[in-house]
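Quick note on labels: first sequence line is chain A, next is B, and so on, each numbered from 1.
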There are 2 protein chains.
Amino acid sequence: MKLKEFAREIGLSPTTVSRALSGYPEVNEATRARVMEEAARLGYRPNINAVRLATGRAGAIGVVMTKAGDYQFSEFMSGMADRLSSEDIDILITPMAEHDTGDELQLYRRLAESRRVDAVVIHSPRPRDPRIALLHQLKLPFIVHGRSATEVPHAWLDIDNEGAIKRSTEHLLDLGHRRIALLNGREGLTFTLHRLAGYRAALAERGVAFDPKLVTHGNFTDEIGFRFARTALEQRPRPTAFVAGSMMTALGVYRAARSMNLVIGRDISVIAHDDVFPYLTAENMAPSLSTTRSSIRAAGSRITDLLLQMLSGREASDIGELWPIELILRETSRPAPKDAAE
Amino acid sequence: MKLKEFAREIGLSPTTVSRALSGYPEVNEATRARVMEEAARLGYRPNINAVRLATGRAGAIGVVMTKAGDYQFSEFMSGMADRLSSEDIDILITPMAEHDTGDELQLYRRLAESRRVDAVVIHSPRPRDPRIALLHQLKLPFIVHGRSATEVPHAWLDIDNEGAIKRSTEHLLDLGHRRIALLNGREGLTFTLHRLAGYRAALAERGVAFDPKLVTHGNFTDEIGFRFARTALEQRPRPTAFVAGSMMTALGVYRAARSMNLVIGRDISVIAHDDVFPYLTAENMAPSLSTTRSSIRAAGSRITDLLLQMLSGREASDIGELWPIELILRETSRPAPKDAAE
DNA sequence: TTGAAAGCGGTACCAG
DNA sequence: CTGGTACCGCTTTCAA
């Protein structure tokens with residue numbers, strides 16, 4: 001059923017019906033009530049594409065999906081979905097094709113020009129991220145999940161990566177550890193740099209020398225966690241503690257330690273960052289894993305909320321949230337073994 | 001720039017331009033080439049919402065996202081994205097609100113009536129899944145990821161869950177195991193029933209009695225894997241092998257075994273189903289995990305492909321693919337310990 | 001508070 | 001092979 005038919009059916013003009021259904025103030029309340037009721041009864045629903053053409057709104061928030069599978073992605077999406085379930089807005093996933101890899105900007109440009117989305121979320125920013133300048137220039141509203149040092153004003157939400165890793169490192173130092181390895185994220189990303197900064201700051205404060213051999217960069221996979229931990233543990237003197245970037249890398253560290261007959265929580269301490277997953281929890285690891293934790297799902301929800309605010313007129317430059325991280329001590333953060341103190 | 005302007009600019013009618021750009025056959029090739037070129041030069045792009053209104057096509061494939069986070073989701077999505085990256089079709093995620101939980105059908109009905117998607121993917125079907133009848137009736141093209149016993153004709157793609165679990169179980173029986181525990185999926189879902197059938201069939205063939213205490217149902221989380229394995233391993237005689245529904249439950253089984261000082265691959269065998277994740281791999285577990293494997297990403301890709309075929313006219317009832325599963329033996333499937341043979 | 005009518009930006013039928 | 005034009009279904013001035 002279309003608007004015209006429906007309007008005729010209930011003896012009103014399309015105009016009034018449209019206004020009643022869209023919540024315009026100038027409609028008599030009694031009329032509105034009747035329209036709503038009749039719409040429900042007769043099953044009238046506006047054609048979304050017509051609405052979009054007429055209003056120019058797309059009714060969707062865009063997310064670009066990189067080809068690399070990412071286990072955090074679905075949690076973030078769930079968070080977005082939580083917030084959007086009460087709105088008439090969808091999430092539009094734009095696949096990033098292989099050939100876009102070299103030219104990611106082109107993808108964002110097309111997305112903006114196609115007007116398929118009202119706003120987008122930018123993930124994994126770099127300190128000077130060209131996507132930010134581009135979207136700003138194209139005037140497509142966006143929010144950055146993470147942070148960037150670019151001078152273009154923009155909305156962002158980030159967790160305190162520097163503080164989190166600093167705190168983990170400090171805690172391990174307090175426990176007497178001196179050789180602490182860091183499993184960092186992919187090189188060049190802002191959060192990776194922040195984590196490194198937190199790590200170095202903690203060492204510097206305690207007068208512990210920074211050793212680049214104790215730091216690695218890469219994706220958050222068990223494989224990388226394992227390989228790096230193996231290599232690190234083969235050094236002499238070997239590290240007595242690891243700061244792991246994710247639960248997956250922590251699993252790799254566990255495995256490396258076991259494969260060398262080292263006991264996590266005794267010979268080796270570990271503190272990992274936990275994005276909070278429903279299917280893999282730090283409490284349930286053996287031994288239970290000490291973590292800095294922050295729900296990526298909550299971030300997805302809040303980011304969506306902020307984006308909706310921007311679509312209602314809030315200034316992007318007003319928006320910037322830095323979420324603190326809690327350090328949760330469990331069984332894997334223990335005093336450094338005496339014999340390893342050199 | 002809009003079609004009219006662009007057409008005037010290059011001295012052609014909107015009609016011809018539209019046809020040239022959309023690949024209609026009746027356009028002179030020279031004209032088409034020129035139009036394409038000029039469009040690129042002048043940056044003309046059709047307004048997607050106008051196209052959708054005029055054609056009635058939505059340009060998107062829908063996926064309903066349940067509130068529960070699911071670590072397989074993003075891999076499946078990646079697969080879809082792989083296939084769609086060469087098409088002008090997006091993925092539309094519809095959040096399932098809390099209040100839809102009791103009435104999921106309503107959500108699909110709204111999705112269909114809103115015409116926001118051209119087709120949808122149905123996940124986690126049940127033997128008599130009402131969504132299938134509904135979408136069939138609403139004439140929204142769809143494909144089922146999994147299987148359903150409903151008589152309504154429909155397209156589907158599934159992996160051979162029954163065969164996979166049967167094979168795992170048989171293999172363990174061949175190795176001398178007699179008390180084999182099964183960590184199954186959520187109750188009521190088709191794949192859960194299929195897996196149970198495979199398990200029971202293998203036992204029956206070998207004349208091993210079925211013991212319901214050795215079977216559990218639930219989400220694929222490390223937590224559930226741990227809890228069930230603990231309980232099972234406290235029984236006397238205890239199980240000597242586990243067939244785990246996922247990598248995550250397998251992690252729980254590992255932990256349970258360790259917590260009881262049992263050695264996986266010696267005291268306890270494990271074969272799990274692996275959906276193939278880039279960040280957590282069976283080879284890299286310690287000990288390396290024997291699995292039945294099947295890429296959920298490949299399934300996402302193929303399902304999308306089939307959906308596109310349906311949108312081009314292929315009959316839904318023609319489509320049904322059952323993917324075989326390979327059993328990959330690694331270190332966790334070993335002969336049953338002698339002393340456990342009773 | 002309500003209604004008439006002109007867009008929104010394309011597509012596709014019908015002529016030529 | 002190209003063009004004129006009536007839609008697609010809703011929103012939003014403008015007028016009453």
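B/S18 has a side-chain polar atom (N or O) that falls below the 4.0 Å cut-off from OP1 or OP2 of C/dT11. A sub-4.0 Å separation between OP1 or OP2 of D/dT11 and a side-chain N or O of A/T55 is absent. When the side-chain nitrogen and oxygen atoms of B/T31 are compared with OP1 and OP2 of D/dC1, none of them lie within a distance under 4.0 Å. Phosphate contact (OP1/OP2 of D/dT11, side-chain N/O of A/Y24, threshold under 4.0 Å): absent. For B/T16, a side-chain nitrogen or oxygen approaches OP1 or OP2 of D/dG3 to under 4.0 Å. At least one side-chain nitrogen or oxygen of A/Y44 sits closer than 4.0 Å to the OP1 or OP2 atom of D/dC10.
In this structure, the CG atom of A/N28 is 11 Å from the P atom of C/dG3, given to the nearest Å. Between the NZ atom of A/K2 and the C1' atom of D/dT11 there is a distance of 16 Å, given to the nearest Å. In this structure, CD1 of B/I48 is placed 20 Å from P of D/dC8, rounded to the nearest angstrom. When the P atom of C/dC8 is taken as reference, atom CG of A/L3 falls 19 Å away, rounded to whole Å. At whole-Å resolution of the value, CZ in A/R8 and P in C/dG3 are 14 Å apart. Between the CZ atom of B/R116 and the C1' atom of D/dC10 there is a distance of 16 Å, given to the nearest Å. To the nearest angstrom, P of C/dA4 lies 11 Å from CG of A/L12. For the pair A/L53 CG and D/dT11 P, the interatomic distance rounds to 11 Å; values are reported in whole Å.
The listed nucleotides are D/dG9, C/dT11, C/dA4; the one nearest the side chain of B/A54 is C/dT11.
Mapping A/E26 and A/K4 onto DNA chain D by nearest heavy atom places A/K4 closer to the 5' end of the strand.
In terms of polar N and O atoms assigned as donor or acceptor, the side chain of B/R19 never comes within less than 3.5 Å of the base of C/dG10 in a complementary pairing. If you check distances only, the side chain of A/T15 does reach the base of C/dA4 with a donor-acceptor pair under 3.5 Å.
Of the inter-residue distances, the one linking A/L42 atom CG with A/F6 atom CZ reads 6.0 Å to the nearest 0.5 angstrom.
Side-chain atoms of B/T31 do not come within 3.5 Å of backbone N or O of B/V27 as any donor-acceptor pair.
Ring to ring, A/H123 and A/F76 are close: their centroids are under 6.0 angstrom apart.
Applying the side chain to side chain contact (heavy atoms under 4.5 Å, CB included) test between B/I122 and each of B/V63, B/L135, B/I143 identifies B/L135 as the sole match. Screening B/S18, B/P14, B/S13 against B/T16 for a side chain to side chain contact (heavy atoms under 4.5 Å, CB included) leaves a single residue, B/S13.
When heavy atoms are screened at a 4.0 angstrom cut-off, A/R115 is found touching no nucleic acid atom at all.
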